[in-house]
Every structure is written in C-alpha cells, then in structure tokens.
Amino acid sequence: MTAVKPAYDIEQWRRRIPLLRTQIPMNNCSQAPQMDATRVAAERYLESWNGSGMDWDAWMREVALAKAEFAKLIGARASDVAVFSSVSEAASAVASALDLSGSRRTIVVSEAEFPTIAHVWIAQEQRGARVTWAPLRDDAVDESAYDTLIDDRTALVSACHGYYMNGALQDSARIAKLARRAGAYTFVDAYQSLGTIPFDVRQLGVDFLASGNLKFLMGIPGIAFLYVRPEIVETMHPMVTGWFGRANPFAFDAKSLDWSPTASRFDTGTPPVINAYVARAGMEIISTVGTASIRAWLVELGQHLIDGGRARRLTLHGPSDMNRKTSTTAFVVDDSHHVESAMRERGVIASARGNVIRLAPHFYSTIDDVERALDILAEVVRAT
Ligand SMILES: Cc1ncc(COP(=O)(O)O)c(C=O)c1O
C-alpha cells in the first residue's frame with residue numbers, strides 16, 4: 001500500500017510549531033497553535049513600538065497588508081475588505097447598514113449560525129426586523145428550507161459555511177443565488193472553514209463574508225475581516241462607523257460623514273494593530289501551504305476520524321460524508337468539558353461544545369495524531 005501523504009513537506013511545517021513537542025492540538029476549530037512566524041510577527045510590532053515609540057505609517061501599512069492577505073485567501077481585492085476586532089462586530093456593522101424601513105424586513109438565519117451571529121440579527125427586531133430560521137435536521141441545516149423561506153420580503157440570508165458544532169457545510173453558492181434572485185443579501189460566516197478549503201467569493205456570489213483569525217487561519221483573538229461585494233459597497237451606509245470609515249480619515253473633519261468608496265467604509269476606529277501583524281503571518285502560512293493541498297489532506301484525516309470513530313464505537317455527530325463537511329469531526333459525549341480536560345491530561349487538546357467533543361486537525365496534523373486522539377477519546381469515554 002502506498003503511504004498517504006500530504007502534497008507538502010509536513011515535517012518541515014511541524015518543526016515550526018513548538019507545541020507539537022508536548023501536545024497533539026486537535027482544537028483548530030477553537031484556537032490554532034502558535035508558529036515561529038506568528039510569534040516573530042508579534043515581536044516585530046513590540047520591537048517597532050519599543051524602538052520607534054510610534055510608527056503609525058508602518059502600523060497602518062501592516063493592517064493594509066493583512067487585509068490584502070485575507071483578500072488573497074478568498075479571491076477578492078484588498079479594497080473589498082474591512083477590518084474589525086471580532087466577527088460579531090463585523091455582523092453588527094452589516095446589520096446597521098440594512099434598510100429595514102420598508103417591506104423587506106425578514107432576516108433568514110440558519111440554526112447552524114454561531115450564537116453571536118444569530119444574536120446580532122435578533123437584535124435587529126428592535127428596529128423592525130423579523131427573524132425566520134432555516135432548521136437543523138440530522139445535525140445539519142435542511143437547505144431545502146431556503147427555497148420557501150427566501151422571498152421578496154427577505155432583507156438578508158445568514159448562512160454560515162461550516163457549522164461550528166460538527167463542521168457540516170452549507171452550499172453558499174446555491175444560497176447566494178436564491179437570495180440574489182429574491183433581491184436579498186447573503187452573509188456568510190466562514191470562520192469554521194476558511195484556511196482549510198479554497199474560497200472564491202466571486203464564484204460564490206455572496207455579498208458579505210466574515211471570518212476571524214484564531215482558528216484555521218493560525219492567528220490570535222482580537223481581529224476579524226469582512227468582505228463586501230464591490231458592486232454593493234457604495235449603497236451601504238453602516239451606522240456602526242468611525243473615522244477609519246471615511247474617505248480620508250486624516251482630514252479630521254468632524255462635520256462631514258464622507259464615506260470611503262471601498263469596503264473600508266465598514267472600518268470603524270483605530271484597528272487592532274498587533275493582531276494584524278500576527279494575522280498576516282498566519283494567513284501567509286496558509287497561502288504558502290495552499291488551501292487546495294490542505295483540503296485534500298484534511299479530507300484524508302477527516303475520513304480517518306469518521307472511520308476510526310466508528311471502529312471505536314464512538315457516536316458521530318453530523319455528516320459522515322467528507323464532501324459535506326469541514327475537517328472538524330464531532331462525537332457525542334456525556335460531559336464534554338470533563339472529556340476535554342481528561343484528554344488534555346493525556347496530551348491531546350480537543351474542543352468541547354455542548355454535548356459534543358470536536359476533533360479538528362489542520363494541515364500539520366498526521367494520521368498518527370488522529371489515531372492517538374481517537375484512542376484517547378475512546379479511553380476517556382469508556383472510563384466515564
Ligand atoms: C463560526 C463562528 N463564528 C463566530 C465565532 C465568534 O466570533 P467572534 O468572537 O469573533 O465574534 C465563532 C467562535 O468561536 C465561530 O466558531
């Protein structure tokens with residue numbers, strides 16, 4: 001039998017992740033490990049701050065480069081991207097730009113949204129929105145529901161790409177097409193898949209796509225990016241705004257709300273600079289490895305998780321077909337937080353959510369890592 005290997009030199013990448021000496025990180029759906037390059041990036045900011053006291057030009061350049069790196073990952077231009085501190089903030093800015101004064105007031109929300117996203121849409125009920133739900137069936141969104149839920153009263157459809165609980169994928173292209181046909185916008189939260197699957201926002205046809213950086217983009221908390229489809233950007237006037245959303249933030253004209261002609265009209269205040277340094281370094285790693293090669297390897301590892309879980313009599317949560325899921329595989333357990341800490345004591349970092357434990361390998365993970373994580377999970381489940 002030929003050895004199954006990724007298309008890249010995995011050992012070379014593994015040497016650049018110090019945590020691998022002591023732990024098996026299977027929690028990339030929650031926080032990816034530190035790499036040499038992301039640490040150096042944070043230190044570059046600290047050095048700049050220490051050495052020059054203040055270097056706003058360099059710091060703003062770094063934020064612009066981070067936007068460009070995000071744009072590269074999704075097939076967009078840097079000018080189509082705004083920066084925030086969290087995905088919640090990005091969604092709130094999008095919500096604040098929706099005109100809900102007419103008959104188009106419905107926001108169609110999938111039950112697979114991370115709660116924060118749903119909360120943002122529900123909060124819009126205070127200004128007239130009506131939220132309807134695309135339901136979960138068999139632990140994945142019943143996508144046929146969109147056919148009847150989306151109509152000429154729909155303002156926006158919020159459908160995450162990957163479900164945070166178990167990685168179930170939604171067909172963003174089909175949903176965006178339905179929404180566009182009905183005259184509604186599409187908002188895609190790609191936090192659980194970006195960095196592991198090739199993306200082309202132009203092909204998908206979505207209006208908004210957001211992600212933070214601490215999961216599969218190898219970054220840290222405190223920064224998130226929002227893509228805005230360039231054809232709609234000039235029609236958007238977000239009420240969540242600030243001086244960085246202006247045509248020229250440095251005009252210091254308090255009385256003029258002149259909108260930037262690009263997606264940076266969604267920018268708000270002083271951006272998260274140190275986070276941008278780290279975010280760019282993390283996204284550069286992902287681009288260098290290549291999302292097509294990463295996806296191919298993660299399909300392999302995902303299949304090992306599904307088959308290995310079945311062989312160990314673990315209860316899978318969500319789809320068993322890798323074409324329908326991200327690299328995250330979830331198993332139902334009685335007390336997920338106990339399982340997470342018992343696994344950590346045995347050297348595997350897994351991620352608990354509700355009644356499931358998530359195993360989320362990434363490009364640097366090996367088949368041995370996956371097998372060991374499954375062995376330990378099965379051992380902990382048996383013991384409890
Ligand atoms: C799919 C998804 N969206 C959003 C979030 C949270 O986003 P933020 O804390 O940046 O608002 C998470 C975090 O865990 C997530 O998994």
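Note that ligands are numbered from 1 as they come in the structure, with each ligand's atoms numbered from 1 the same way.
Asp189 OD2, 3.3 Å is the protein heavy atom nearest to atom 1 (C) of ligand 1. The single protein non-hydrogen atom nearest to atom 16 (O) of ligand 1 is Gln192 NE2, 2.8 Å, given as residue, atom name and distance. For atom 13 (C) of ligand 1, the closest heavy atom belonging to the protein is Lys215 NZ, 3.1 Å.
No chain of hydrophobic side-chain contacts below 4.5 Å, direct or via other Ile, Leu, Val, Met, Phe, Trp or Tyr residues, connects Met236 to Trp259.
Inclusion of Thr116 in the set of residues having an N or O under 3.5 Å from an N or O of ligand 1 is not warranted. At least one N or O atom of Ser88 sits closer than 3.5 Å to an N or O atom of ligand 1.
Shown in contact with Ser86 at under 4.0 Å from a heavy atom are these atoms of ligand 1, numbered in order with element: 8 (P), 10 (O), 11 (O). For ligand 1, the atoms sitting less than 4.0 Å from at least one non-hydrogen atom of Val87 are 7 (O), 8 (P), 10 (O), 11 (O), numbered in the order shown with element in parentheses.
Between the side chains of Ser88 and Thr116, at least one donor N or O lies within less than 3.5 Å of an accepting N or O. Side-chain atoms of Glu113 and Ser158 include a donor-acceptor pair closer than 3.5 Å. Of the N and O atoms on the side chains of Gln31 and Asn27, not one donor lies less than 3.5 Å from an acceptor on the other residue.
Side-chain N or O atoms of Arg358 include none that pairs as donor or acceptor with a backbone N or O of Gly167 at under 3.5 Å.
A heavy-atom distance below 4.5 Å is found between the side chains of Tyr146 and Val141.
Distances from atom 5 (C) of ligand 1 to the heavy atoms of Phe84, Tyr164, Phe114, Tyr163 put Phe114 nearest.
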